[in-house]
Amino acid sequence: YDLLKQVDFLDYEKYCTNFYNKPTKKYQNNKTSKRYQTFKRKDYEIKTLKDMKNKAEVNNILYDMMIDLYKNFPIFKWISKDDYIKHIGNNYKICAYKMQKLVYYKGEPVAFCVTFPNYNNLFLQNSLKAKLQILKRKFKSQQYIVTYMGVKRAHSGLGLAMVNEVIEDI
């Protein structure tokens with residue numbers, strides 16, 4: 001880091017990752033649980049990638065929602081649907097299906113949560129042990145990374161309900 005500063009490298013942003021331990025079986029968060037129940041009573045339906053057979057349709061939904069919800073972010077950069085599918089759309093091959101959430105209200109998608117197992121740097125390793133670890137983490141990981149989450153404005157508060165679902169699935 002000091003060497004980078006010597007060559008006039010400027011540190012504009014900081015990145016921070018928070019890690020949380022897997023909750024115990026007895027863990028209960030009343031706020032997320034109540035929010036979850038409230039949205040379930042209002043006929044919201046939370047689906048996982050496991051429930052959805054058409055991955056192309058999921059990609060289209062996620063692309064459209066991400067573009068719409070993230071377009072006003074200061075660092076937003078528009079990409080074409082083809083580029084999205086090329087770079088992001090095939091990530092379902094490495095994700096834990098139960099951890100990908102799409103929320104529907106009256107048949108329309110209104111929220112999403114895209115979460116991946118923490119693979120660390122296993123994809124950079126070319127050994128049988130690393131490949132077995134990747135498979136193990138895909139289906140039973142101790143840590144997950146939420147990469148994308150979004151809720152349409154008219155459904156404010158739904159994010160907390162999705163968190164409850166994610167906690168239960170860990």
Side-chain angles (χ1 to χ4, degrees), residues 1 4 7 9-20 22 44-105 107-156 158-167 169-170:
Y1 187 76
L4 292 173
V7 292
F9 176 82
L10 299 176
D11 187 7
Y12 286 104
E13 295 182 30
K14 300 228 183 266
Y15 175 79
C16 179
T17 301
N18 294 316
F19 290 98
Y20 301 96
K22 182 177 178 178
Y44 283 82
E45 183 182 12
I46 300 177
K47 292 184 177 183
T48 68
L49 194 55
K50 190 176 181 179
D51 302 325
M52 297 172 269
K53 304 298 181 217
N54 189 340
K55 305 299 184 265
E57 180 185 345
V58 172
N59 279 336
N60 287 332
I61 291 168
L62 287 174
Y63 172 82
D64 291 341
M65 288 184 71
M66 283 184 190
I67 293 295
D68 183 49
L69 294 173
Y70 294 168
K71 66 185 173 198
N72 293 324
F73 280 31
I75 59 170
F76 174 80
K77 182 178 182 199
W78 184 87
I79 63 170
S80 70
K81 191 174 282 191
D82 288 341
D83 283 342
Y84 170 82
I85 290 169
K86 180 180 175 185
H87 297 290
I88 300 172
N90 286 322
N91 282 343
Y92 67 86
K93 293 177 181 177
I94 62 167
C95 72
Y97 282 17
K98 68 179 183 173
M99 300 301 288
Q100 311 312 306
K101 310 291 181 189
L102 268 175
V103 184
Y104 290 83
Y105 183 67
E108 292 294 317
V110 296
F112 62 89
C113 181
V114 178
T115 308
F116 291 93
N118 185 358
Y119 291 110
N120 295 323
N121 64 354
L122 288 172
F123 287 106
L124 301 175
Q125 301 173 33
N126 193 16
S127 69
L128 178 60
K129 183 179 177 182
K131 290 174 183 172
L132 291 172
Q133 280 287 72
I134 289 169
L135 281 175
K136 179 182 173 191
R137 289 187 191 184
K138 177 177 178 172
F139 297 104
K140 184 117 174 109
S141 185
Q142 295 298 309
Q143 290 182 338
Y144 291 90
I145 301 167
V146 176
T147 53
Y148 307 102
M149 182 183 244
V151 176
K152 290 186 176 179
R153 288 189 190 274
H155 305 273
S156 183
L158 186 54
L160 197 54
M162 279 193 301
V163 167
N164 187 75
E165 183 93 354
V166 168
I167 289 170
D169 285 345
I170 294 176

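Throughout, residue positions are numbered sequentially from 1 according to the sequence presented.
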Flag yes if more than 12 heavy atoms outside K55 fall under 6.0 Å of its NZ atom; otherwise flag no. yes

Can a donor-acceptor pair be found, under 3.5 Å and without considering hydrogens, that links the side chain of D51 to the backbone of T48? yes

Value rounded to 0.5 Å, distance of CD in Q133 from OG in S141: 9.5 Å

Within 45 degrees of the ring normal and closer than 6.0 Å to the centroid, is that where the cationic atom of K101 sits relative to F112? no

Given the rule in the side chain to side chain contact (heavy atoms under 4.5 Å, CB included) test, do E165 and V103 qualify, once you have shown the distances and angles that lead to the verdict? CA-CA 11 Å; E165 183 93 354; V103 184; over 6 Å; no

Between OG1 of T115 and CG of D169, what distance do you get to the nearest 0.5 Å? 9.5 Å

Closest approach of Y144 to A96 (non-hydrogen atoms, all atoms of both residues): CE2-CB, 4.0 Å

Y44: ring pair (Phe, Tyr, Trp, His ring centres under 6.0 Å) partners, not counting sequence neighbours: F39, Y105, H155

Assess the residue pair V151 and V110 against the criterion (side chain to side chain contact (heavy atoms under 4.5 Å, CB included)); give the C-alpha distance rounded to whole Å, side-chain angles, the decisive distance to 0.1 Å, and a yes or no. CA-CA 6 Å; V151 176; V110 296; over 6 Å; no

At their closest point, which heavy atom of P109 faces which heavy atom of M65, and how far apart are they? CB-SD, 3.8 Å

Test side chain to side chain contact (heavy atoms under 4.5 Å, CB included) on L62 and Y148; report intermediate values, then the result. CA-CA 10 Å; L62 287 174; Y148 307 102; over 6 Å; no

Look up atom CG in N59 and atom CE in M66, then write down how far apart they are to the nearest 0.5 Å. 9.5 Å

Verify, without hydrogens or angle tests, whether N54 (side chain) and E57 (backbone) share a donor-acceptor contact under 3.5 angstrom. yes

Would you check, one step at a time, whether the test side chain to side chain contact (heavy atoms under 4.5 Å, CB included) holds for V114 with V146? CA-CA 6 Å; V114 178; V146 176; over 6 Å; no

Quick check: are there more than 12 heavy atoms from other residues, nucleotides or ligands sitting under 6.0 Å from NZ of K81? yes

Would you say that K47 contacts Y104 through its side chain, given a criterion of any heavy-atom pair below 4.5 Å between the two side chains? yes

With the threshold set at 4.0 Å, does a side-chain nitrogen-carboxylate oxygen contact exist between K152 and D68? no

About how many Å separate CD1 of I94 and CG of L122, when rounded to the nearest 0.5 Å? 11.0 Å

K138 and Y119, any side-chain heavy atoms less than 4.5 Å apart: yes

Here the pair of heavy atoms bringing I79 nearest to I67 is O-CD1, 4.1 Å

Distance col, row Q100:CD vs T147:OG1, nearest 0.5 angstrom, shows 7.0 Å

Working to the nearest 0.5 Å, report the span between CG of L158 and CE of M149. 8.5 Å

Does a sphere of radius 6.0 Å around CG in N126 hold more than 12 heavy atoms from other residues, nucleotides or ligands, not counting ones at 6.0 Å or beyond? no

Which atom pair, heavy atoms only, marks the closest approach of Y70 to G150? OH-N, 4.4 Å

